[in-house]
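By convention in this document, chain letters (A, B, ...) are assigned in the order of the sequence lines, proteins followed by strands, and residues within each chain are numbered from 1. Please read these numbers as outputs of a predicted model, since none were measured by experiment.
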Amino acid sequence: MRKENTFPVSFTFSALFKACSMGLDVNLGRQTHAQTILIGGFDNDLYVKNSLIEMYVKLGFLECGRKVFDELPERDLISWTELIVAYAKIGDMESAGELFDQLPLKDMVAWTAMVTGYAQNAKPREALELFERMQNEGVKTDEVTLVGVISACAQLGAAKYSNWIRGIVKNLGCDPTRCVVVGSALIDMYSKCGNVEDAYKVFDTMEERNVFSYSSMISGFAMHGCAYAALELFHEMVNMGIKPNRVTFIAVLTACSHSRMVEQGRQIFASMEEKFGISPGVDHYACMVDLLGRAGLLEDALKLVETMPIEPNGGVWGALLGSCRTYSNTDIAQIAANHLFELEPNAIGNYILLSNIYASAGRWNDVSTVRKLMREKDLRKNPGCSWMEVKKGVIEEFFAGDMTHPRSGEMKHVLEHLQNGLKSIGYEPNMNSVAYDVNDEEKRRILITHSEKLALAFGLLSINADCPIWIMKNIRICEDCHSFMCGVSQITGRVIIIRDNLRFHHFHDGKCSCGNFW
DNA sequence: GTAGGGTTAG
């Protein structure tokens, strides 16, 4: 294919393109591209074209790279894969998938690029599906593939998948104690699957640990409410000479936040700049606002937002609004909501939060104003949803208020029975957890059909008595469900583990691992 | 001589 030009000419242009991509100079790159057209004879020169595609992709001009690629009569696997990755990186998995499907001969790297792409774009089911297809087609896998698969399992929080992964890692002959990337991914997976003990086992046996492994483990402890362990690990890492990064600080501050450790959090926040030379970013401020707000120091939190040196974003105001919900503070909620509606006009969650805050204060007029605003913007609430992993690959889903499940008759019976039993130990439905202005009977009906209660009923019907009941859900667990779960763990002797959108609750003997603070 | 990797608040 290089008939018309001698190798050195191709080599020169290729080197020029490389220099442009390293120097981030797209103008020079374009000029050089034009020159190759002027000189001519490079139409079928894969060597030149591949480096040209690479340059455009690296400089963020994906469509230009794609055009060069499309015009090539013969394309090679490397550019093909490079484009798949580029589409995945900008979140366009549809284009990535189209390219992948057209690829005539797919190798391990191309498959891995797709699996990883799905995992990185919050499509864990697609990632796992593709990985299974990859295996069925007899494609080899290595530890890079596994890292994507492990990350997908972490997102699903599916413990049965995590057992399956353990087998695959072993079969591959990969030793997580020696591979720091696989080890770190496993730590995250076990933590997110509710098994912080196994996460620590991986961490503990690793021969080499870096900032990723430490940050993952600290964040794992934070998720499970083990704030002291998280802080201890943080100090250990510093003593070992491993420099914490921005992510590490988010993990430590989250740990403090979820355990009401205000002073420790303040000290660590101050040390970021003083000791580690990292200036706190907007996310770190969001953590601090969360820390203060969760502890009920709403005025302090507001003051911090108003005096912070960088522009607060939706996350910062959102953390404040969330705390206003916990402490029913409508005044500060209003301030936070006004900013949020400006910054994130279409984020449904903010409207729901504000509406719920008004509802718990009994301000039904304000509730309907917010609801009207939502209707005008045609924002639809995404329903509360819980799911349960019955066996590997089989997931049962439950939606709030939805009684169309084939076993919902039995489930209803179980829930009524539990409710009666709970009365005798002092449980009363918490009407404040219902954000609608309806009568008490209707409130009771709404409460008893919250998705996690439906899942619990299904679990009690179908899971062996000696096994814990695992439930995952998409939104924060409400006060009523929380005390309901505490009570059920007491009267049935069952262990119930719920992963909400943020963290884990382990219910056992009438108590929750979060100490009723979440 | 070129393609695929882990941690992030609400």
Protein-nucleotide distance (A/Asp500, atom CG; B/dG10, atom C1'), rounded to Å: 12 Å
Qualifying salt bridge (charged side-chain N to carboxylate O under 4.0 Å, His left out) pairs with a residue from residues 56-70 of chain A, counting only residues at least two apart or across chains: A/Glu54-A/Lys58, A/Arg66-A/Asp70, A/Lys67-A/Glu71
side-chain hydrogen bond (donor to acceptor under 3.5 Å, both in side chains) involving A/Ser451 - partner list, sequence neighbours excluded: A/Ser386
Show every donor-acceptor pair shorter than 3.5 Å between a side-chain atom in residues 332-347 of chain A and any protein atom, with sequence neighbours excluded, or say none if there are none.
{"residue": "A/Gln334", "atom": "NE2", "partner": "A/Tyr358", "partner atom": "OH", "Å": "2.6"}
{"residue": "A/Asn338", "atom": "ND2", "partner": "A/Gln334", "partner atom": "O", "Å": "3.4"}
{"residue": "A/Glu344", "atom": "OE1", "partner": "A/Asn350", "partner atom": "ND2", "Å": "2.9"}

Euclidean distance, atom CD1 of residue A/Ile278 to atom C1' of B/dT8 [Å, nearest integer]: 13 Å
Pair listing, salt bridge (charged side-chain N to carboxylate O under 4.0 Å, His left out) test, anchored in residues 279-297 of chain A, at least two apart: A/Asp290-A/Arg294
Sugar-phosphate only, base, or nothing, as touched by A/Gly314 at under 4.0 Å among non-hydrogen atoms: base
Identify every side-chain donor-acceptor pair in residues 199-208 of chain A under 3.5 Å, counting partners at least two apart or on other chains, and give the distances.
{"residue": "A/Lys201", "atom": "NZ", "partner": "A/Asp198", "partner atom": "OD1", "Å": "3.3"}
{"residue": "A/Thr205", "atom": "OG1", "partner": "A/Lys201", "partner atom": "O", "Å": "2.9"}
{"residue": "A/Thr205", "atom": "OG1", "partner": "A/Val202", "partner atom": "O", "Å": "3.2"}

Summary of protein contacts for nucleotides 2-7 of chain B, nucleotide by nucleotide, where a base hit scores B, a sugar-phosphate-only hit scores S (4.0 Å, heavy atoms): BBBBBB
DNA chain B contacts made by residues 289-298 of chain A, counting heavy atoms under 4.0 Å: A/Asp290, A/Arg294
Residues which pass salt bridge (Lys or Arg N to Asp or Glu O under 4.0 Å) with A/Lys192, listed by chain and number, not counting sequence neighbours: A/Asp188
Pairing residues for A/Val68 by the side-chain contact (heavy atoms from CB on, under 4.5 Å) criterion, not counting sequence neighbours: A/His33, A/Lys49, A/Leu52, A/Ile53, A/Tyr56
Side-chain N,O (A/His258) to OP1/OP2 (B/dG10) below 4.0 Å: yes
A/Arg266 and A/Glu263 ion-paired at < 4.0 Å: yes
Of all pairs that satisfy salt bridge (charged side-chain N to carboxylate O under 4.0 Å, His left out), the ones with a partner from residues 92-105 of chain A, not counting sequence neighbours: none
Ignoring hydrogens and angles, write down the donor-acceptor pairs under 3.5 Å from the side chains of residues 126-135 of chain A, residues two or more places apart or on other chains.
none

Within residues 259-277 of chain A, residues whose heavy atoms come under 4.0 Å of DNA chain B: none
